Amino acid sequence: MARIIGLSWGIGFGAEHIGSTALKFPRTATLGLLALLMIIGASLPQLSFDDDIHRVFLSDSPLSQAQLSYEAEQSPPQTKALTRYLQHRRP
């Protein structure tokens, strides 16, 4: 292992220390994991989607704006064309 600025970097770039800590303190690691899962579980009821799943990944960035303008220029929309193609291919 190489030593960089006093740190021992392994194959996980330091992430293996989480595992070694969990092995040293299993009850604390288990409680921490359960707390994290409870926080994630508490936020799930607030998660919602509309009809267009692609909008989940959009933001105000220039790339997202370019994607929106590209989709607006498509005739017919790509999702409808793909749906029709897949329905036509079914035996």
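None of the values given here were measured: they were computed from a predicted structure.
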Report all side-chain donor-acceptor pairs from residues 23-43 shorter than 3.5 Å, counting only partners two or more places apart or in another chain.
| unit_1 | atom_1 | unit_2 | atom_2 | d |
| --- | --- | --- | --- | --- |
| Thr30 | OG1 | Pro26 | O | 2.7 |
| Ser43 | OG | Ile40 | O | 2.8 |

Q) Can you list the residues that meet the side chain to side chain contact (heavy atoms under 4.5 Å, CB included) rule with Ser20, with sequence neighbours excluded? A) His17
Q: Decide if atom CG of Leu68 counts as having more than 12 heavy atoms of other residues, nucleotides or ligands within a radius under 6.0 Å.
A: yes
Q: Could you grab the distance from atom OG of Ser61 to atom CD of Gln67, nearest 0.5 Å is fine?
A: 10.0 Å
